[in-house]
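Take a look at the structure below.
These numbers were taken from a predicted model, which means no experiment stands behind them.
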Amino acid sequence: MLTKAELDAPAHLQYEPIGTKAGQGHPSDIREFSTLREAVHWAMNNEAPAGMEAVIRAASGAVLGPRQLEEIWSSLQGP
């Protein structure tokens, strides 16, 4: 579970080829966000380019792949 401080810290999103380990593929251009919340919102509400998936790098250094992004998105949506 992420803390409020982590969710409110800057993050950046990039798209990487599907099937590569998060943070190990040849990424697309990086899109900067002022908070991790905003980056997750963008990732979950915008379609990834063909053959790519969203990966977010948090300010803490954590690399969040599609599975983690879905879990975070679900927790942010509430019951």
Side-chain angles (χ1 to χ4, degrees):
M1 181 79 157
L2 295 169
T3 66
K4 182 180 179 335
E6 291 170 317
L7 290 169
D8 293 338
H12 70 260
L13 177 144
Q14 59 194 43
Y15 293 100
E16 296 184 358
I18 293 173
T20 59
K21 184 176 175 186
Q24 301 295 314
H26 297 287
S28 66
D29 292 335
I30 294 172
R31 182 175 180 98
E32 301 286 336
F33 291 89
S34 58
T35 69
L36 177 58
R37 288 177 201 272
E38 292 173 6
V40 172
H41 184 271
W42 178 270
M44 300 309 293
N45 287 290
N46 290 279
E47 189 172 334
M52 306 286 268
E53 58 191 5
V55 174
I56 294 177
R57 291 182 185 273
S60 65
V63 178
L64 308 170
R67 181 176 294 150
Q68 293 93 350
L69 295 179
E70 288 179 23
E71 291 172 6
I72 294 166
W73 181 244
S74 292
S75 72
L76 294 174
Q77 298 306 301

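- Put simply, OG on S74 and CE on M44 are 7.0 Å apart, with the number rounded to the nearest 0.5 Å.
- Of the inter-residue distances, the one linking L13 atom CG with R31 atom CZ reads 8.0 Å to the nearest 0.5 angstrom.
- W73 has its side chain within reach of H41: a pair of non-hydrogen atoms, C-beta onward, lies under 4.5 Å apart.
- The shortest heavy-atom contact between A39 and A11 is CB-CB, 4.2 Å.
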* After noting the C-alpha distance and the side-chain angles of E38 and S34, does the key distance pass the side-chain hydrogen bond (donor to acceptor under 3.5 Å, both in side chains) rule? -> CA-CA 7 Å; E38 292 173 6; S34 58; 2.9 Å; yes

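- Here CD of E6 is found 8.0 Å from CG of L36. Values are rounded to the nearest 0.5 Å.
- In this structure, the side chains of I18 and M52 stay at 4.5 Å or more apart for every pair of heavy atoms.
- Heavy atoms from other residues, nucleotides or ligands lying under 6.0 Å from CD of E47 number 12 at most.
- Using a 3.5 Å distance cut-off with no hydrogens or angles, the side chains of Q14 and E16 do pair a donor with an acceptor.
- Nearest heavy atom pair, residue T35 against residue D8, reads CG2-O, 3.5 Å.
- The side-chain contact (heavy atoms from CB on, under 4.5 Å) test with I56 singles out one residue from I72, V63, L69, and that residue is L69.
- A pairwise comparison of heavy atoms in A48 and E53 identifies CB-CA, 4.3 Å as the closest pair.
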